[in-house]
Participant: 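Below is a structure I'd like to ask you about.
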Amino acid sequence: MQTDGQLIATRLISLINEQNLTINRVANLSGMKQSTLNSIFSGQSKRPTITTIRKVCGTLGISIHDFFDFPPYNEVEK
């Protein structure tokens, strides 16, 4: 089972690829250091802050809700 950090990294890569962007471009557009995003993808950042996710979402033109609208986050436990 993937950790939250791994799920978030996978989701970020998927969204960035969908929009044909690079990590560097997203970092520049969101006003963050590329190293911040790189730490998420490399696993150094186990749980990115909501501020980081919010900045990336704003850059990608999606809501936080849209960001977390994927399994397993959108599955209801039975």
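Computed from a predicted model, the values in this text were never measured in an experiment. Start at 1 with the first residue, then count along the sequence. What's counted below: heavy atoms across the whole structure, side chains too, no hydrogens, waters or symmetry copies.
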Participant: First locate atom CZ of Arg47, then atom OG1 of Thr3, and finally report the distance between them rounded to the nearest 0.5 Å.
Facilitator: 8.0 Å
Participant: Using the rule that two of Ile, Leu, Val, Met, Phe, Trp, Tyr join whenever any of their side-chain heavy atoms come within less than 4.5 Å, decide whether Leu29 and Ile40 are in one cluster.
Facilitator: no
Participant: Could you tell me the separation between the CD1 atom of Ile8 and the CZ atom of Phe41, rounded to the nearest 0.5 Å?
Facilitator: 11.0 Å
Participant: Which pairs count as salt bridge (charged side-chain N to carboxylate O under 4.0 Å, His left out) when at least one residue sits in residues 20-43, sequence neighbours excluded?
Facilitator: none
Participant: Restricting to side-chain hydrogen bond (donor to acceptor under 3.5 Å, both in side chains), what partner residues turn up for Thr52, sequence neighbours left out?
Facilitator: Thr49
Participant: Tabulate below the donor-acceptor pairs under 3.5 Å that side-chain atoms of residues 14-21 make, not counting sequence neighbours, or state none.
Facilitator:
from: Asn17; atom 1: ND2; to: Ile13; atom 2: O; distance (Å): 3.3
from: Gln19; atom 1: NE2; to: Leu60; atom 2: O; distance (Å): 2.8

Participant: Could you pull out all residues at least two apart from Thr51 that satisfy side-chain hydrogen bond (donor to acceptor under 3.5 Å, both in side chains)?
Facilitator: none
Participant: Gln34: what forms a side chain to side chain contact (heavy atoms under 4.5 Å, CB included) with it, not counting sequence neighbours?
Facilitator: Ile23, Asn24, Ala27, Asn38
Participant: For residues 65-72, please give each side-chain donor-acceptor pair under 3.5 Å, one per line with the distance, not counting sequence neighbours.
Facilitator:
from: Asp66; atom 1: OD2; to: Ser63; atom 2: OG; distance (Å): 3.3
from: Asp69; atom 1: OD1; to: Asn74; atom 2: ND2; distance (Å): 3.1

Participant: Once side-chain hydrogen bond (donor to acceptor under 3.5 Å, both in side chains) is applied, do any residues pair with Asp4, and if so which ones, sequence neighbours excluded?
Facilitator: Tyr73
